[in-house]
Amino acid sequence: MARDMDVLLVGGGGREHALAWKLRQSPRVNRLYCAPGNGGIAALAEIVPITADDVAGLVAFAEQKKVGLVVVGPELPLTLGLVDELAARGIRAFGPTKEGAQLEGSKAFTKELLAEAGVTTARYAQFTDAAAAHAYLDANGAPIVVKADGLAAGKGVYVCATLDEAHAAIDEMMDARVFGSAGSLVVIEDVLRGEEASFLALTDGITVVPLASSQDHKRIFDDDKGPNTGGMGAISPAPVVTADVERRVVADLQKVVAVLRGRGIVYKGILYAGLMIDGGVPSVLEFNCRFGDPECQPLMVRLQSDLVDVCEAVIDGTLDRVTLEWDPRAAACVVIAAPGYPGTVEKGGTIEGLADADRIDDCIVFQAGTKRAGDAIVTDGGRVLGVTALGATLAGARERAYQAVGRIRFPGMQYRKDIGRHAVGRTRG
Ligand code: AMP
Ligand code: GLY
C-alpha cells in the first residue's frame, strides 16, 4: 500500500514514545513528526520544537506540512482546544474537543455527568466557598477525599485520613491557591475501598470499544507506599478487570457518551476511566481524555491493529466496524525515575546500557524525560524511562522487564521492584 499520509504526534513523554513506535509501524505513515518529542522519539520521528501547549504553533505547523492526521498525547492541548482549532482548518485529529476534554479538566463536570448517567461513583459535594467546605467536612468526618476541580498535574487529590488533613487541604486549595485557579472549586467525596485499575476505551461518540485491560502503579515506593506519582509502572492485562467488570464498565461508558451527546458533545478519542473495584463491583473515580502514561506502553506493545486505521475509525464515526487485535501475551512496563521524583528532580545524568537493554528479546525501552546531548542520552525529567517487555505470562513479562532494568544505569535512578507482583499473585490464586 502506498504510504498515504504524514502524521504529527503531539507530546514528549513515554506515552508518546510508545505511540511513535506504533505509528512508525503503520504502512500508511509517510513522514512522522513529533512536537516536542524526546531523546528516544528522535530516533523514530522528526522532532519539531513546538511545545504541547502552543496551540497556535501546532496548528500552523500542521497546516504548513499538510499532515493527514494529528495524534494528541497529553491532556493539556486537548483542554486548550487543539482538536477544535485543527478541525476548523480541515485537519483531522485524534482526541476530544475542548468541551469533551472537560471530562478530565473539571472534576465537578465529571461528577455531575456520572450522576446524570447513573454510573456508580463516590458520594460527593462541590464547593466554591471555603467556609461551606469546612462545615461539610465537620459534618461528614474522616477519612474523606478533597479534590481541586481543574488540572493540577495529577497532584490535586488528597485522600485524608484525618479531619485536620482535610481542613488543611481546603486551606491550601481555596485560600493559599497552591494549584492556582484549579482550587476555586473543590470536590469533597467519600473514600472508596478496593483495587484500582485503568479502563481505557475508544469511542467515536456512539460506539465504545474497550482496549485491553491495564493497571497503573501510582505510588512512588513498593507496596503502594509514599506519595502519588504520574505512574511508576503498568501491566496489561489486569486480572482485577474480569469479563464481568468489563461488561459493566462498557455499559457505563456507553451511558456517559450518550449523556454527552445529549449535551451536544460528540466525544471522540480515548475515554479512560480510573476505576476502584471492590468485590467485583467497579466505581468510577475519575475520567481522563487521553491514553494513560505509563499504561499506553504495555498497551501499544500488545496492540496488533494499525493505529492509523483505529484513529481514523474514531474520527470518521465508524468504530462499530472495528475489532481490535491484541497480542495474547502479557506486557509489563517498569518506570525508572530520576532522583528526587516526584518532587524536584536532578537532570542531566548520563544514561548507560540502553542498547544492552533493548537487545533482550521482546523488550523495548521507551524514553520519557530524556534528551540527546551529543552522542549521549541524558536525563531531562522526572520519569525517565519505561522499560517494557512481553511474556507468555505476566510473570514472564515482569521477569524480562526487570532483566532489562538491570542493564540500565544512571546516577540516583529509582524504580519499583514490585510492578505487577500483586497481579501475578492474583493470577495464581
Ligand atoms: P483521581 O485523580 O481523581 O483519580 O485521584 C487520584 C488518586 O487518588 C486515585 O488514583 C486514587 O488512588 C485516589 N482517590 C481518588 N478518589 C478517591 C476516592 N473517592 N476514594 C479513594 N481513593 C481515591
Ligand atoms: N497513569 C495515570 C495517568 O496517565 O493519568
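Index from 1, following the sequence. From a predicted model like this one, the values you see are computed outputs, not experimental measurements. Both ligands and their constituent atoms are indexed starting at 1 by order of listing. Values below: all heavy atoms of this structure, side chains included; hydrogens, waters and symmetry mates excluded.
A donor-acceptor contact closer than 3.5 angstrom links the side chains of Asp53 and Thr51. Inspection of the Ser198 and Glu295 side chains reveals an N or O donor paired with an N or O acceptor under 3.5 Å.
In this structure, the side-chain contact (heavy atoms from CB on, under 4.5 Å) partners of Lys107, at least two apart in sequence or on a different chain, are Lys147, Asp149, Val157, Val187, Glu286.
Side-chain atoms of Pro143 and Arg193, non-hydrogen and from C-beta on, do get closer than 4.5 Å to each other. The shortest side-chain heavy-atom distance between Ser184 and Thr128 does not fall under the 4.5 Å cut-off. Counting heavy atoms from C-beta on, the side chains of Asp224 and Arg416 come closer than 4.5 Å.
With ligand atoms numbered from 1 in the order given, ligand 1 contributes 18 (C), 19 (N), 20 (N), 21 (C) to contacts under 4.0 Å with heavy atoms of Leu192. Each of the following atoms of ligand 1 lies closer than 4.0 Å to a heavy atom of Lys147: 3 (O), 15 (C), 16 (N). Close approach of ligand 1 to Lys218 is summarised as follows: ligand atoms under 4.0 Å from at least one heavy atom of the residue are 10 (O). Near Lys107, the atoms of ligand 1 lying under 4.0 angstrom from a non-hydrogen atom of the residue are 2 (O), 3 (O). Near Glu189, the atoms of ligand 1 lying under 4.0 angstrom from a non-hydrogen atom of the residue are 16 (N), 17 (C), 18 (C), 19 (N).
Near ligand 2, residues Asp216, Gly230, Tyr272, Asn288, Arg290, Gly292, Asp293, Pro294, Glu295 each place a heavy atom inside the 4.0 Å sphere around the ligand atoms.
Taking the centre and axis of the six-membered ring of Phe109, the NZ or CZ atom of Arg263 falls inside the cone set by 45° and 6.0 Å. The side-chain tip of Lys417 points at the ring of Tyr415 from less than 6.0 angstrom away and within 45° of straight on.
For atom 8 (O) of ligand 1, the nearest non-hydrogen atom from the set Leu285, Asp216, Val191, Val157 belongs to Val157.
The shortest N or O to N or O distance between Asn228 and ligand 1 is not below 3.5 Å.
Between Leu137 and Leu163, the shortest heavy-atom contact is O-CD2, 3.4 Å.
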